[in-house]
Structure formats: structure tokens, C-alpha cells
Amino acid sequence: MRVFVAGLGAALACLLVAACSRQAASPDVDMPPGGPRADLTAAQKAAFDRGLAAFTREYAPASGLGPHFNAPSCATCHNLPTAGGVGPDSILVQVLFDKQTDFVGVLPNQHIAGRQPLPVPAGGIIDRRRGPPLYGLGLLEQVTDDEMRANCDPDDKDGDGVRGHVNVNPHYDGRPGKFGLQAHTSSIRDFIGNALAGEIGITNTVNRDPVKQRDDDAVPDPEAATSVVDDLTAYVAGMAVPKPARAEPEGLAVFSRVGCATCHKPDAGKLAPGAYTDLCVHSMGPKFDSGIMDFSSRGDEWRTAPLFGLRFRSTYFHDGRAKDLPSAIAMHGGESAGSAQRYSALGQADQQALLRFLAAL
Ligand code: HEC
Ligand code: HEC
């Protein structure tokens, strides 16, 4: 599989793909996506570079891979069109809900030589998810807990049928979660500690699950130093927020008018302009029900997907089920069904304006 490191790889891809030259010529586009924010200090930039190297590093059994894992590197699942982007749709991660133990987490589907595949526990529920893009994620860390709570309307006080709520993880810090597709973790660093252990089998002491702090392969634990998790965090949190390719004020007005902006809030908080999310989890209807209860997020409840960098995705939703933007809108059910219906009742010109707005994000 090809992994494009931001910069060189994408520039090379643009030499091969004629379409890139048009995008690259536009003055206000961050191309390629996944580069560092302009305001990083020299020390933060150095940590960003080390983090990028750690992100693309391919682990082997001799360096701690496994014993059970999904992929040898972070970049295997977050790589399109550059490191930090969406994962290939051929790799879907199995998330397991074991009702008997209340466990929710990754069920790795690969193992090192001499081991057996992990069994699915009796009655266990499996949901399959595609690696989401990580560009600009640091922006969401700027949203305060109070802003998040104010964004959600759990009792539907305004009577518009939209009642998102925060997902609180009582085993961590008791703060509302922002990261993960059901918003189960409040910090990027905690998420990464878990991802290293859960996806690659690299033990570390940052994740708070004692089972993931030790494994029984031949490499002594912890297999990654805390500094590696810190560098990965500096990289993920330090990626620039993708800027829209162009302003589309007409389309934005339609987006607000039909109620998309109720959940995809242009500003998630004072320091998070252009996020297009409220960070709340919302019921998306029965077709989105995985049956997985993730803390206080039910199986049909998903975090409003941030829409910055949307043009760098090729398929949409947590499992990539929508292949283009009109179908993504049409599939919005549950609390979002009203806005999808209002969209479908629009005239052609307004629908096109809204689609142009989305395609430029
Ligand atoms: C096998 C594929 C795979 C690998 C390897 C992988 N991830 Fe992910 N990543 C995913 C999936 C799938 C999700 C969504 C998980 C969920 O919430 O259900 C995700 C979510 C994330 C998120 C949260 C995104 C958000 O929008 O909140 C971060 C941050 C992240 N990964 C970073 C990493 C890092 C760093 C590594 C390497 C240590 C890594 N991932 C390795 C598949 C992968
Ligand atoms: C009730 C809240 C809500 C409303 C209203 C809403 N959405 Fe969403 N939207 C979501 C959630 C939640 C997801 C993520 C679901 C998933 O990943 O399975 C999402 C995902 C998307 C995606 C896919 C993003 C990605 O990264 O895959 C697009 C595009 C989108 N919405 C556009 C719209 C548009 C356009 C409207 C208005 C017509 C709208 N949404 C109204 C909650 C909402």
C-alpha cells in the first residue's frame, strides 16, 4: 500500500494526476493537507516532525507489533490523500461490544506468527468503521466543556426535534468526550495511547486500560515510551485545519436555512471557527444503529462529523456507506431527518448551491 507523506508524496501525486494542478493553483488552498499549523513554535514543529515519523513507522514483531493487531502503522488507516487523511475503504476496524463484560473497543483481526485469532465472544456485537481523517483535529481540543454543553440541547428545549447530548466517559476524567466517532474520549493524547495499543499492539502507559499496558509478546513493556505518544499527539494536534477551497456564501446560507448548521455548527466554540460540528452525539435513526452502547452514546448516536476538509474524503459516514454528497444528505435519518427533507424540497438552484458549498470545504 502507498502511504503519501504530506509534502513530497502529494506533490508527486500531482505530477501524475492532472487534476491536482487546478487545485494547487488556487491561492487560498492548503495543499497538500496534513501539514503543520503556521503558528507552531520551533519546538512544537520539531515534535510534529518526530510525530509524523512515528505515525508512518511500520512496526514489526521484533519492535513490538501485536501479538494481536489491525495494521503495522497509524498511517495504514489514516493516509488518503496524505498521512493524516481518511483510511482506505478496504480496511474497516471491528469495534466489539461485549454485553457480558460491558467491554467496548477494538477487536484486532490479525496476529503474529504462532498465535490464534481472537474469538468473538458469544453474543458480542461487531461494528465496522473506516479510519476518519485527522486533519485539523487540534481545533476541536480548543472547544471548552461549557461550550460543548451549550452546543447540545438534550431536552430539545427549542422544540426543533434535534436533541444532541455530550458523551461522558466515567472511567477517564469524567469530561465530555470529543474524539472517536461516538465521542468517547476527551483528549487526543488519551485516544492515541489507546490506538497504539488497540490497533498496533504497542503497549504504553498513557492509555488507562491496564490490559493494554502489558502484553505477552517477546518485547518488554511498555513497547512505546511516553515520549512517542507525546510526539504523535504533537503531530495530530498540530496539523493545520484544512481551509475551504473558496467561499460559498450562497450555499452556506442554504445550509443554515434547512437546518444543517443546527448540528454542523460553523463555529464549535470561540476558538474553533469553521469546525462545522457541535461535538454532540445525535440519533441518526435505525439504519445507523450498531447496537453498541458506548458510555452514554447509544448505538444509533454518532458525533456530528466535523466538515472541514470534507473535499479530501471520497466516501462519507463512519463506515463510508455514502458514495457521494447527495446520498449522504438523503441518508440523514433520526434527528437529522427534518433537514434532509427540507433539502429534498428545495429547488435545483438551492440544492446546487448547497452542494457547491460542501464540495469546497
Ligand atoms: C486499523 C486501522 C487504524 C489504525 C492502525 C489506527 N487507526 Fe486511528 N482510527 C481508526 C478508526 C476506525 C477510528 C474511529 C474509531 C471510533 O471512534 O470508532 C480512528 C480514530 C482515530 C482518532 C480520533 C479521530 C476523531 O475524529 O475523533 C485519532 C486521533 C486516531 N485515530 C489516531 C490514530 C493514531 C495516532 C494511530 C497510530 C497510533 C492510529 N490512529 C491507528 C482506524 C485506525
Ligand atoms: C441532527 C444532527 C445533524 C443534522 C441536522 C445534519 N447532520 Fe450531517 N451528520 C450528522 C452526523 C451525526 C454525522 C456522522 C454520522 C456517521 O458518521 O455515521 C453526519 C455526517 C454528515 C456528512 C458526512 C461527513 C463525513 O465526514 O463523512 C455530511 C456531508 C453531512 N453530514 C452533511 C449534512 C448536511 C448537508 C445537512 C443538512 C441537509 C446535515 N448534514 C444535517 C449529524 C447531522
Side-chain angles (χ1 to χ4, degrees), residues 34 47-48 51-52 54-57 69-71 73-79 83-87 91 93-96 103-108 127 129-143 145 148 166-213 222-239 241 268 272 275 277 279-281 292 294-297 302-306 308-309 318:
F48 177 95
L52 171 58
F55 193 82
T56 53
R57 171 178 179 184
F69 64 99
N70 276 324
S73 78
C74 306
T76 314
C77 300
H78 300 283
N79 66 339
V86 69
I91 303 183
V93 168
Q94 305 186 114
V95 174
L96 166 71
F103 170 88
V104 178
V106 171
L107 182 71
D127 186 44
R129 302 177 185 179
R130 184 178 182 186
L134 310 178
Y135 305 140
L137 229 48
L139 189 73
L140 305 184
E141 254 182 0
Q142 312 286 328
V143 181
D145 294 358
M148 273 186 76
V166 295
N167 188 10
V168 172
N169 178 340
H171 305 302
Y172 276 21
D173 44 16
R175 294 179 48 205
K178 293 174 181 163
F179 302 102
L181 300 170
Q182 290 182 288
H184 50 72
T185 301
S186 62
S187 88
I188 292 178
R189 188 169 181 270
D190 279 339
F191 199 103
I192 290 177
N194 275 316
L196 255 179
E199 306 283 9
I200 313 182
I202 300 297
T203 53
N204 62 88
T205 56
V206 173
N207 85 77
R208 307 187 193 192
D209 179 349
V211 178
K212 291 181 185 161
Q213 297 191 2
E223 291 159 339
T226 302
S227 64
V228 172
V229 182
D230 290 337
D231 290 344
L232 283 167
T233 305
Y235 163 64
V236 171
M239 272 187 272
V241 182
T277 177
L279 291 172
C280 318
V281 293
I292 294 183
D294 199 349
F295 304 114
S296 63
S297 176
W302 299 87
R303 178 191 65 184
T304 304
F308 50 58
H318 63 276

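Because only heavy atoms are used, hydrogens play no part in the values below, and waters and symmetry mates are left out as well, while side chains stay in. It should be emphasised that the depicted structure is a prediction, and the values quoted were computed from it without experimental measurement.
- Checked by atom type and distance alone, the side chain of K212 never pairs as donor or acceptor with a backbone atom of N207 at under 3.5 Å.
- Residues meeting the ring pair (Phe, Tyr, Trp, His ring centres under 6.0 Å) test with F191, sequence neighbours left out: H184.
- Note that CG of L232 and CG of L196 are 6.0 Å apart. Values are rounded to the nearest 0.5 Å.
- Of all heavy-atom pairs spanning C280 and M148, the tightest one is SG-O, 4.3 Å.
- Distance check: I91 CD1 to N79 CG gives 7.5 Å after rounding to the nearest 0.5 Å.
- At a threshold of 4.5 Å between non-hydrogen side-chain atoms, the residues L96 and Q94 do not count as touching.
- Looking at heavy atoms from C-beta onward, I292 lies in side-chain contact with V104 at the 4.5 angstrom threshold.
- In this structure, N204 contributes its side chain and G193 its backbone to a donor-acceptor pair below 3.5 Å.
- Annotation: salt bridge (Lys or Arg N to Asp or Glu O under 4.0 Å) contacts of D209 (sequence neighbours excluded): none.
- Pairing each heavy atom of V168 with each of P176, the nearest pair is CG2-CA, 4.0 Å.
- Here the OG1-NZ distance, from T185 to K178, works out to 12.0 Å after rounding to the nearest 0.5 Å.
- A distance of 9.5 Å separates CD1 in I200 from CG in N70, rounded to the nearest 0.5 Å.
- Under the rule for a ring pair (Phe, Tyr, Trp, His ring centres under 6.0 Å), H78 has no partner lying at least two apart in sequence or in another chain.
- Not one N or O on the side chain of R189 forms a donor-acceptor pair closer than 3.5 Å with the backbone of V229.
- Residue F55 comes nearest to S73 through the heavy atom pair O-CB, 4.0 Å, listed as atom of the first residue, atom of the second, then distance.
- Among all heavy-atom pairs drawn from V143 and A272, the shortest one is CG2-CB, 3.6 Å.
- Between atom NE2 of residue H318 and atom CZ of residue R130 there is a gap of 12.5 Å, rounded to the nearest 0.5 Å.
- D231 meets the salt bridge (Lys or Arg N to Asp or Glu O under 4.0 Å) test with R50; sequence neighbours excluded.
- Between Q182 and W302, some side-chain heavy-atom pair lies under the 4.5 Å cut-off.
- Taken from CZ in F179 to CG in L137, the straight-line distance is 5.0 Å, to the nearest 0.5 Å.
- Applying the side-chain hydrogen bond (donor to acceptor under 3.5 Å, both in side chains) criterion to T277, with sequence neighbours excluded, gives no partner residue.
- Remark: S296 engages N167 in a side-chain hydrogen bond (donor to acceptor under 3.5 Å, both in side chains) (not counting sequence neighbours).
- Listed here is the closest heavy atom pair of E223 and G201: OE1-O, 2.8 Å.
- Closest approach of L140 to F308, counting heavy atoms only: CD2-CE2, 4.2 Å.
- E141 places a side-chain N or O within 3.5 Å of a backbone atom of I188 that can act as its donor or acceptor partner.
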